[in-house]
Amino acid sequence: MIIGGSASQKLAAKIAWELEDTLCPVETRKFPDGERYLRIKEDVEDGAVVVQSTGYPQDENLIELFLILKTLQDMAVEDVKVVIPYFGYGRQERRFKDFEAVSASIMADMIEFCGASELLCVNLHEDDIRDFFDIPVHNLSAMQPLAEHIGAKFEDPVIVAPDKGALSFAEEIAGILGCECDHMEKTRISPEKVETKPKNMDVKGRDTVIIDDIISTGGTIVNATNILRKHGAESVVVSCVHPVLVGDALLKIFAAGVDDVIGTDTLRSDVSTVSIAGIVAQKLREI
């Protein structure tokens with residue numbers, strides 16, 4: 001049985017359809033003071049898959065997830081697989097200053113305490129987060145469905161990582177599509193001047209696709225777009241796994257000259273056009 005939290009109801013329905021499984025109705029509402037009410041409206045006997053992304057508003061979505069998990073625990077459901085497409089509070093996986101809260105570790109403790117038996121995530125910001133768990137954790141890659149979407153739009157694109165940290169994503173998509181990839185590199189021209197440009201490739205007249213795991217404020221994407229346009233790119237499309245898109249990020253990206261923005265449905269947004277339901281369903285069949 002598939003249980004969809006408020007943040008991922010559409011995705012949960014798609015996963016249930018892929019698996020030909022039942023979608024369990026859940027009643028949620030807020031009390032006048034803002035606290036959440038939750039009720040699972042059917043008996044769950046043979047195990048459950050809970051689908052709940054924990055992006056904005058992170059605190060509300062996490063509390064709802066904990067309420068679902070503890071309720072299933074009270075119902076004596078032993079096999080509870082949890083799908084968290086976007087893992088909120090996952091940016092702080094280590095302590096950089098004394099007495100900082102290691103939020104990723106605390107989230108792991110809470111998820112396990114509430115009764116999760118196995119966890120599926122998509123492109124964790126840091127793969128090391130899995131080490132905080134004592135239950136099995138599967139870090140799925142959304143590059144296959146993104147690559148299929150890109151391949152349907154362009155015949156021979158150049159996949160571009162906006163920085164070296166995103167190069168592995170560009171390489172993965174380029175490997176699937178059999179096309180070229182590159183990444184932005186900074187070169188110091190003088191003590192006062194730094195030039196950023198594609199490292200190895202001439203993008204003039206080419207269709208380019210920028211790939212990253214998370215787009216938050218859009219600053220990195222805007223910078224990469226300006227550089228690609230400066231170097232004569234025919235088109236610039238932006239793709240990402242997690243379209244966080246804080247504030248006017250999407251406006252800034254399009255204002256920079258981007259032709260299209262493609263995100264997955266790990267988070268709900270105006271650009272969540274690529275579904276990860278297929279890769280989640282496939283993994284659930286395997287485990």
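Here, residue 1 is the first one in the sequence, and each next residue gets the next number.
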Do [X] and [Y] sit in the same hydrophobic cluster, where Ile, Leu, Val, Met, Phe, Trp and Tyr count as joined when their side-chain heavy atoms come under 4.5 Å apart?
X: V222; Y: I262; answer: no
X: F133; Y: L284; answer: no
X: V49; Y: V80; answer: no
X: L67; Y: M75; answer: yes
X: L119; Y: M110; answer: yes

NZ (K10) with more than 12 external heavy atoms under 6.0 Å: no
CG/D74: more than 12 non-hydrogen atoms of other groups inside 6.0 Å: yes
How long is the straight-line distance from [atom2] of [Y] back to [atom1] of [X], given to the nearest 0.5 Å?
X: T225; Y: K252; atom1: OG1; atom2: NZ; value: 12.5 Å
X: D109; Y: C114; atom1: CG; atom2: SG; value: 10.5 Å
X: H125; Y: N123; atom1: NE2; atom2: CG; value: 11.5 Å
X: D212; Y: C240; atom1: CG; atom2: SG; value: 8.0 Å
X: L146; Y: I176; atom1: CG; atom2: CD1; value: 9.0 Å
X: K81; Y: I3; atom1: NZ; atom2: CD1; value: 13.0 Å

Shortest non-hydrogen contact between [X] and [Y], atoms and distance:
X: G257; Y: R229; value: O-NH2, 2.6 Å
X: P243; Y: V271; value: CB-CG2, 3.9 Å
X: E64; Y: S6; value: OE2-N, 2.6 Å
X: G218; Y: A249; value: N-CB, 4.2 Å
X: R94; Y: E100; value: O-OE1, 4.4 Å
X: A170; Y: D182; value: CB-O, 4.4 Å

Ring pair (Phe, Tyr, Trp, His ring centres under 6.0 Å) contacts touching residues 71-107 (sequence neighbours left out): Y86-H242
Sequence neighbours excluded, every pair satisfying ring pair (Phe, Tyr, Trp, His ring centres under 6.0 Å) that has a member inside residues 20-78: none
Salt bridge (Lys or Arg N to Asp or Glu O under 4.0 Å) partners of [X], counting only residues at least two apart:
X: E180; answer: R206
X: E172; answer: none
X: D248; answer: none
X: D202; answer: none

Under the side-chain hydrogen bond (donor to acceptor under 3.5 Å, both in side chains) rule, collect the residues that match up with [X], sequence neighbours excluded.
X: E112; answer: none
X: E118; answer: H138
X: K70; answer: Q73
X: S105; answer: none

N61 side chain to T54 side chain, donor-acceptor N/O pair below 3.5 angstrom: no
Side-chain donor-acceptor pair present, D127, N139, cut-off under 3.5 Å: yes
Going by heavy atoms in the side chains, are [X] and [Y] under 4.5 Å from each other?
X: D270; Y: L245; result: no
X: I214; Y: R91; result: yes
X: E93; Y: F132; result: yes
X: M143; Y: I211; result: yes
X: L38; Y: I40; result: yes
X: C24; Y: T22; result: no
X: Q9; Y: L23; result: no
X: V122; Y: T264; result: no

Pair V102-I106, side-chain contact (heavy atoms from CB on, under 4.5 Å): steps then yes or no: CA-CA 7 Å; V102 184; I106 296 167; 5.7 Å; no
With a cut-off of 3.5 Å and sequence neighbours excluded, list every side-chain donor-acceptor pair involving residues 274-282.
from: S275; atom 1: OG; to: D265; atom 2: OD2; distance (Å): 2.8
from: S275; atom 1: OG; to: A277; atom 2: N; distance (Å): 3.1
from: Q282; atom 1: OE1; to: R285; atom 2: NH1; distance (Å): 3.1
from: Q282; atom 1: NE2; to: E286; atom 2: OE2; distance (Å): 3.2

Donor-acceptor pair, side chain of [X] and main chain of [Y], under 3.5 angstrom:
X: D259; Y: V236; value: yes
X: S8; Y: G4; value: no
X: E42; Y: P25; value: no

Single hit among V238, V244, I210 for side-chain contact (heavy atoms from CB on, under 4.5 Å) with I215: V238
V83 and L11: CA distance, side-chain angles, deciding distance, side-chain contact (heavy atoms from CB on, under 4.5 Å) verdict: CA-CA 10 Å; V83 179; L11 176 58; 5.6 Å; no
Side-chain donor-acceptor distances from residues 147-169 under 3.5 Å, at least two apart:
from: E148; atom 1: OE2; to: Q144; atom 2: NE2; distance (Å): 3.0
from: D163; atom 1: OD1; to: G165; atom 2: N; distance (Å): 3.2
from: D163; atom 1: OD1; to: A166; atom 2: N; distance (Å): 3.1

